A.B. asks: 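Take a look at the following structure, please.
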Amino acid sequence: QVQLVESGGGLVQAGDSLRLSCAASGQTFSSLAMGWFRQPPGKGREFVAAISRSGASAYYADSVKGRFTISRNNAQNTGYLQMKSLKPEDTAIYYCAVNARGTSVRDGDYFAWGQGTQVTVSS
């Protein structure tokens, strides 16, 4: 099984950028599709972005398209979420997760999750 640890969250101003990291250990990271999800205060968990095993394909929620970029470095067993032009609406706990079957926008398809990292965007 794979262990995931997110990092890079923090408090930023609207319009700022932030990069989240997801460090993987255990199961071979390159064999797993990866996704990012978030849970805003008082709301349920929602899809943010997903990337295929090789990094050749990526998918984004409409709310972040054009602002966020998902990537991965399989040699370093690490995934990333580069966030630009952050808005207060992006405030949430961000989670990374992995999927052995393939890239998916459904959180139920992911079998391992990190502990989450808090992103707070002030206006």
Side-chain angles (χ1 to χ4, degrees):
Q1 297 298 298
V2 65
Q3 304 292 318
L4 304 174
V5 179
E6 302 96 334
S7 62
L11 174 63
V12 298
Q13 300 291 320
D16 284 352
S17 297
L18 201 62
R19 188 174 77 159
L20 306 183
S21 297
C22 177
S25 61
Q27 188 171 342
T28 303
F29 183 59
S30 62
S31 70
L32 303 170
M34 184 188 72
W36 287 93
F37 297 79
R38 67 187 184 186
Q39 185 169 14
K43 298 179 66 177
R45 189 163 59 194
E46 63 186 35
F47 171 76
V48 176
I51 190 169
S52 61
R53 295 172 178 84
S54 68
S57 300
Y59 304 88
Y60 299 93
D62 289 342
S63 59
V64 307
K65 195 173 300 181
R67 298 188 298 120
F68 290 12
T69 302
I70 187 172
S71 63
R72 65 192 298 162
N73 186 329
N74 287 341
Q76 299 296 321
N77 296 317
T78 305
Y80 303 95
L81 184 69
Q82 178 67 56
M83 305 182 292
K84 299 180 178 180
S85 301
L86 283 162
K87 306 174 180 179
E89 298 77 45
D90 296 318
T91 295
I93 302 174
Y94 283 72
Y95 300 90
C96 66
V98 291
N99 180 350
R101 293 293 297 269
T103 306
S104 175
V105 303
R106 300 179 298 180
D107 57 2
D109 288 339
Y110 294 81
F111 72 89
W113 297 77
Q115 83 288 347
T117 186
Q118 177 70 48
V119 173
T120 302
V121 184
S122 65
S123 59

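Every value quoted in this text rests on a predicted model; they were computed, and no experiment measured them.
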A.B. asks: Taking all atoms of both residues into account, what is the closest heavy-atom pair of Tyr95 and Gln115, and its distance?
C.D. replies: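 That closest heavy-atom pairing would be CE2-O, 3.6 Å.
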A.B. asks: Any pair with a residue in residues 56-65 that passes salt bridge (charged side-chain N to carboxylate O under 4.0 Å, His left out), sequence neighbours left out, goes on the list, sorted by first then second residue, please.
C.D. replies: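 Listed by first then second residue: Asp62-Lys65.
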A.B. asks: Using atom types as modelled, flag every donor-acceptor pair under 3.5 Å from a side chain in residues 79-86 to any protein atom, sequence neighbours excluded.
C.D. replies:
none

A.B. asks: What's the shortest heavy-atom distance between Val48 and Val64, and which atoms?
C.D. replies: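 Minimum heavy-atom separation between Val48 and Val64: O-CG2, 3.5 Å.
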A.B. asks: I'd like to check the side chain to side chain contact (heavy atoms under 4.5 Å, CB included) partners of Ala75; sequence neighbours left out, ordered by chain and number.
C.D. replies: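 Ala75: side chain to side chain contact (heavy atoms under 4.5 Å, CB included) contacts with Asn73.
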A.B. asks: Can you list every pair that meets salt bridge (charged side-chain N to carboxylate O under 4.0 Å, His left out) and has a residue in residues 34-43, with sequence neighbours left out?
C.D. replies: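 Qualifying pairs: Arg38-Glu46, Arg38-Asp90.
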A.B. asks: Starting from Val2, can I reach Val5 by hopping between I/L/V/M/F/W/Y residues whose side chains sit under 4.5 Å apart?
C.D. replies: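 No; Val2 is not reachable from Val5 via cluster members.
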A.B. asks: Please identify each residue that fulfils side-chain hydrogen bond (donor to acceptor under 3.5 Å, both in side chains) with Gln13, with sequence neighbours left out.
C.D. replies: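 Scan of Gln13 (side-chain hydrogen bond (donor to acceptor under 3.5 Å, both in side chains), adjacent residues dropped) gives Ser122.
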A.B. asks: Please enumerate all residues that pass salt bridge (charged side-chain N to carboxylate O under 4.0 Å, His left out) together with Arg45, with sequence neighbours excluded.
C.D. replies: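 With neighbours one apart ignored, the set is Asp107.
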A.B. asks: Sequence neighbours excluded, which residues qualify as side chain to side chain contact (heavy atoms under 4.5 Å, CB included) partners of Tyr59?
C.D. replies: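 Counting only residues at least two positions away or on another chain, Tyr59 forms a side chain to side chain contact (heavy atoms under 4.5 Å, CB included) with Phe47, Ser57, Thr103.
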A.B. asks: State which residues pass side chain to side chain contact (heavy atoms under 4.5 Å, CB included) with Asn99; sequence neighbours excluded, sorted by chain then number.
C.D. replies: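 Expected list: Ala33, Arg101, Ser104, Asp109, Tyr110.
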A.B. asks: Give me the atom names and distance for the closest heavy-atom approach of Ala58 to Ile70.
C.D. replies: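 Smallest interatomic distance, heavy atoms only, reads CB-CG2, 3.7 Å.
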A.B. asks: Considering non-hydrogen atoms only, spot the tightest contact between Val105 and Phe37 and give its length.
C.D. replies: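 Minimum heavy-atom contact is O-CE2, 3.8 Å.
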A.B. asks: Grab the two heavy atoms, one from Thr78 and one from Ser21, that are nearest each other, plus how far apart they are.
C.D. replies: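 Heavy atoms of Thr78 and Ser21 come nearest at CG2-CB, 4.4 Å.
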A.B. asks: Which residues satisfy the side-chain hydrogen bond (donor to acceptor under 3.5 Å, both in side chains) test with Glu89, sequence neighbours excluded?
C.D. replies: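 Result, side-chain hydrogen bond (donor to acceptor under 3.5 Å, both in side chains) vs Glu89: none returned.
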A.B. asks: Of all heavy-atom pairs between Val98 and Phe29, which one has the smallest distance, and what is that distance?
C.D. replies: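 Taking every non-hydrogen atom into account, CG1-CE1, 4.2 Å.
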A.B. asks: I'd like to know if the side chain of Arg53 and the backbone of Ser31 have a donor-acceptor N/O pair within less than 3.5 Å.
C.D. replies: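 At least one qualifying donor-acceptor pair exists.
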A.B. asks: Of all residues at least two apart in sequence or in a different chain, which pass the side chain to side chain contact (heavy atoms under 4.5 Å, CB included) check with Ala14?
C.D. replies: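 Side chain to side chain contact (heavy atoms under 4.5 Å, CB included) check on Ala14 returns Pro88, Val121.
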A.B. asks: Once rounded to the nearest 0.5 Å, what's the spacing between atom CD of Gln118 and atom CD of Gln39?
C.D. replies: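 Interatomic distance, Gln118 CD to Gln39 CD, rounded to 0.5 Å: 10.0 Å.
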A.B. asks: Among pairs that include at least one residue of residues 22-59, which meet disulfide bond (SG atoms under 2.5 Å apart), considering only residues two or more places apart or in two chains?
C.D. replies: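 Residue pairs with at least one partner in residues 22-59: Cys22-Cys96.
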A.B. asks: Which residues pass the side-chain hydrogen bond (donor to acceptor under 3.5 Å, both in side chains) test with Ser71, sequence neighbours left out?
C.D. replies: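 Ser71: no side-chain hydrogen bond (donor to acceptor under 3.5 Å, both in side chains) contacts found.
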